[in-house]
Amino acid sequence: QVQLVESGGGLVQAGGSLRLSCAASGRTISNYAMGWFRQAPGKERESVAAVNWNGGSTYYTDSVKGRFTISRDNAKNTMYLQMNSLKPEDTANYYCAADAMERRWYPPQNSYAYDYWGQGTQVTVSS
């Protein structure tokens with residue numbers, strides 16, 4: 001089993017930055033694709049970004065391209081999401097997830113592909 005814990009959320013003004021972290025425990029995630037998802041009130045959960053097991057392949061939803069950067073440090077069993085130029089529409093609860101299929105090259109975008117989930121961290125961007 002893998003336990004995931006997100007941190008780094010908070011309240012920030014539009015144009016500001018936040019760095020989310022997703023710390024894994026229980027077993028190594030070094031062979032797993034990882035993803036960030038978000039869900040705003042009244043909306044469906046959406047994929048934000050994903051990274052494959054070694055960082056060689058990434059995915060970003062169109063609305064965050066050029067502003068968000070996903071990365072991972074397998075030695076620390078941790079994944080990150082650097083969020084710059086934040087907008088009010090980025091306000092949501094952000095979740096990290098791990099895909100237990102080992103060494104998948106293209107990280108999944110669909111939430112159904114992920115096996116482990118964190119509890120989420122709230123990001124609020126004020127205008």
Expected output: side-chain Arg104 to main-chain Asp99 donor-acceptor under 3.5 Å: no
Hydrophobic cluster membership, Val51 vs Tyr80, 4.5 Å side-chain cutoff: no
Short side-chain to backbone donor-acceptor contact, Arg103 and Asn54, under 3.5 Å: no
Lys87 with Asp90: basic N within carboxylate O range, under 4.0 Å: no
Under 3.5 Å: donor-acceptor pair, side chain of Gln82, backbone of Arg19: no
Close side-chain approach of Trp36 and Met79, heavy atoms under 4.5 Å: yes
Flag if over 12 foreign heavy atoms under 6.0 Å of CD, Gln1: no
Test item: Glu6 side-chain N/O and Cys96 main-chain N/O as donor-acceptor pair under 3.5 Å: yes
Residue from Tyr95, Tyr94, Tyr112, Tyr114 passing ring-ring contact (aromatic ring centres under 6.0 Å, His included) with Phe37: Tyr114
Whether over 12 other heavy atoms sit under 6.0 Å from Glu89 CD: yes
Asn77 (side chain) donor-acceptor with Arg27 (main chain) under 3.5 angstrom: yes
Donor-acceptor under 3.5 Å (Thr91 side chain, Val125 main chain): yes
